[in-house]
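Comments concern the structure below.
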Amino acid sequence: MTPLQRSQLQPTLDDSAKGQIRQANEARILAAAERVFAGAGFGGATMAAIADEAGLPKANLHYYFGAKQDLYRAVLAHTLQDWLVPTEVFTPEADPRTAIETYIRAKMALAMARPHASRVFANELLHGAPVVKQLLTTELRPLVLAKAEVINQWVRSGRLAPVDPIHLFFTLWAATQTYADFEVQVCAVLGQTEFTPDEQARATEHVVSLLLRGCGL
């Protein structure tokens with residue numbers, strides 16, 4: 001490779017490296033923000049506290065996300081997007097039992113891996129969803145209606161017991177996210193200081209079994 005060819009490639013390599021650094025920093029900041037917003041709420045959280053949690057200079061937060069409101073909105077949008085991805089299993093040609101079980105396991109895994117994100121989202125809803133309401137109507141609602149029609153197709157073809165598909169989603173969300181939103185209560189009743197992997201597995205199998213039976217599967 002000639003010096004000229006190397007110089008022509010260098011900007012591309014630099015841009016790629018910068019992109020990876022940006023993605024890593026944004027992910028690090030979002031994870032830290034989830035924890036701080038979950039513990040302090042939007043009003044009690046500060047950019048300085050989030051920067052300390054992320055182990056990054058405060059200036060980095062403002063560079064990537066601007067103000068605290070922008071970072072809070074990004075946390076909510078990121079959480080909702082991650083929750084929407086598992087719905088991809090609901091397709092007309094899918095096996096209903098496999099699809100519903102896969103969805104439940106994915107939602108349980110998200111609740112247990114990122115409980116702080118779930119709590120931030122729940123707290124936003126409890127306060128009337130002032131920031132995320134538009135996302136609920138423009139992204140969540142159309143997707144749920146589309147997936148509800150898939151479930152209706154399964155019911156009409158006799159592949160699934162008669163269920164109200166929209167309320168089935170409400171039940172799925174309630175049964176899975178409760179392990180994140182009310183982890184303190186769960187642990188207190190179980191007599192544990194933390195939700196252990198064994199208890200997480202036990203809870204997942206219970207939710208899967210219960211909801212599949214409720215769907216006649």
Side-chain angles (χ1 to χ4, degrees), residues 23 27 30-31 34 38 74-122 124-125 129 132-183 185-187 189-190 192 194-217:
Q23 289 179 354
L30 286 170
E34 288 176 3
V75 167
L76 293 170
H78 181 62
T79 300
L80 180 59
Q81 185 57 44
D82 285 348
W83 284 351
L84 296 183
V85 170
T87 63
E88 294 174 353
V89 298
F90 292 94
T91 61
E93 63 276 7
D95 172 63
R97 180 186 179 91
T98 300
I100 294 173
E101 179 176 353
T102 300
Y103 180 75
I104 294 171
R105 291 188 183 280
K107 287 292 279 100
M108 289 291 283
L110 279 169
M112 294 164 186
R114 293 175 56 204
H116 298 97
S118 184
R119 290 170 202 153
V120 174
F121 205 92
E124 165 73 7
L125 298 186
V132 79
K133 185 174 290 183
Q134 184 177 3
L135 290 177
L136 298 180
T137 57
T138 61
E139 294 191 26
L140 180 63
R141 185 174 187 272
L143 184 139
V144 171
L145 292 179
K147 300 306 180 180
E149 178 52 32
V150 170
I151 294 173
N152 275 330
Q153 291 179 34
W154 292 344
V155 172
R156 289 194 295 267
S157 64
R159 302 167 66 198
L160 189 71
V163 295
D164 183 313
I166 292 179
H167 284 278
L168 174 60
F169 275 108
F170 295 154
T171 302
L172 290 167
W173 299 340
T176 55
Q177 288 166 221
T178 191
Y179 290 100
D181 300 341
F182 298 102
E183 183 181 3
Q185 175 178 267
V186 170
C187 290
V189 173
L190 292 173
Q192 299 178 343
E194 63 179 14
F195 200 30
T196 65
D198 285 346
E199 285 295 347
Q200 291 175 7
R202 175 185 169 192
T204 298
E205 297 308 318
H206 165 76
V207 174
V208 168
S209 176
L210 183 69
L211 292 177
L212 287 180
R213 288 201 305 272
C215 293
L217 298 171

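Please read all numbers here as calculations on a predicted model, not as lab measurements. For the numbers below, each heavy atom of this structure counts, side chains included, while hydrogens, waters and symmetry mates do not.
Checked by atom type and distance alone, the side chain of Gln200 pairs as donor or acceptor with a backbone atom of Phe195 at under 3.5 Å.
No more than 12 heavy atoms of other residues, nucleotides or ligands sit less than 6.0 Å from atom CD of Gln134.
With sequence neighbours excluded, no residue forms a side-chain contact (heavy atoms from CB on, under 4.5 Å) with Val189. Residues meeting the side chain to side chain donor-acceptor pair (under 3.5 Å) test with His78, sequence neighbours left out: Asp82. Partners of Arg156 according to the salt bridge (charged side-chain N to carboxylate O under 4.0 Å, His left out) rule, which considers only residues two or more places apart in sequence or in another chain, are Glu149. The side-chain contact (heavy atoms from CB on, under 4.5 Å) test applied to Leu80 returns Leu84, Phe121, Leu135, Leu140, not counting sequence neighbours. Residues that satisfy the side chain to side chain donor-acceptor pair (under 3.5 Å) test with Glu205, not counting sequence neighbours, are Arg105. Residues satisfying the side-chain contact (heavy atoms from CB on, under 4.5 Å) criterion with Thr102, sequence neighbours excluded, are Val89, Thr98. Applying the salt bridge (charged side-chain N to carboxylate O under 4.0 Å, His left out) test to Glu124 and every residue at least two apart in sequence or in another chain returns nothing. Applying the salt bridge (charged side-chain N to carboxylate O under 4.0 Å, His left out) rule to Glu139 yields no partners; only residues at least two apart in sequence or on another chain are considered. By the side chain to side chain donor-acceptor pair (under 3.5 Å) test, Thr176 is found to be paired with no residue, residues two or more places apart in sequence or in another chain being considered. Contacts of Arg119 classified as salt bridge (charged side-chain N to carboxylate O under 4.0 Å, His left out), with partners at least two apart in sequence or in another chain: Glu183.
Residues Gln177 and Phe182 fail the side-chain proximity criterion, which asks for heavy atoms closer than 4.5 Å.
When Thr178, Thr79, Asp181 are each tested for a side-chain hydrogen bond (donor to acceptor under 3.5 Å, both in side chains) with Ser118, only one passes: Asp181.
The OG1 atom of Thr204 lies 9.5 Å from the CD1 atom of Ile104; values are rounded to the nearest 0.5 Å. In this structure, NZ on Lys107 lies 10.5 Å from OG1 on Thr87, to the nearest 0.5 angstrom. To the nearest 0.5 Å, atom CG of residue Asp198 and atom CD of residue Gln192 are 8.5 Å apart.
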Could you walk me through whether Ile166 and Ile151 pass side-chain contact (heavy atoms from CB on, under 4.5 Å), step by step?
CA-CA 9 Å; Ile166 292 179; Ile151 294 173; over 6 Å; no
Checking side-chain contact (heavy atoms from CB on, under 4.5 Å) for the pair Ile100/Leu160: CA distance, chi angles, key distance, verdict?
CA-CA 11 Å; Ile100 294 173; Leu160 189 71; 4.0 Å; yes
In residues 210-217, what donor-acceptor pairs under 3.5 Å come from side-chain atoms, sequence neighbours left out?
{"from": "Arg213", "atom 1": "NH1", "to": "Ser209", "atom 2": "OG", "distance (Å)": "2.5"}

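Heavy atoms only, all atoms of each residue included: Trp154 and Ala99 are closest at CH2-CB, 3.7 Å. The shortest non-hydrogen separation linking Val207 to Tyr179 is CG2-CE1, 3.9 Å. For Ala180 against Ala111, the heavy-atom pair with the smallest separation is CB-O, 3.4 Å.
Note on residues 158-174: pairs passing side-chain hydrogen bond (donor to acceptor under 3.5 Å, both in side chains), not counting sequence neighbours, are Tyr103-Trp173.
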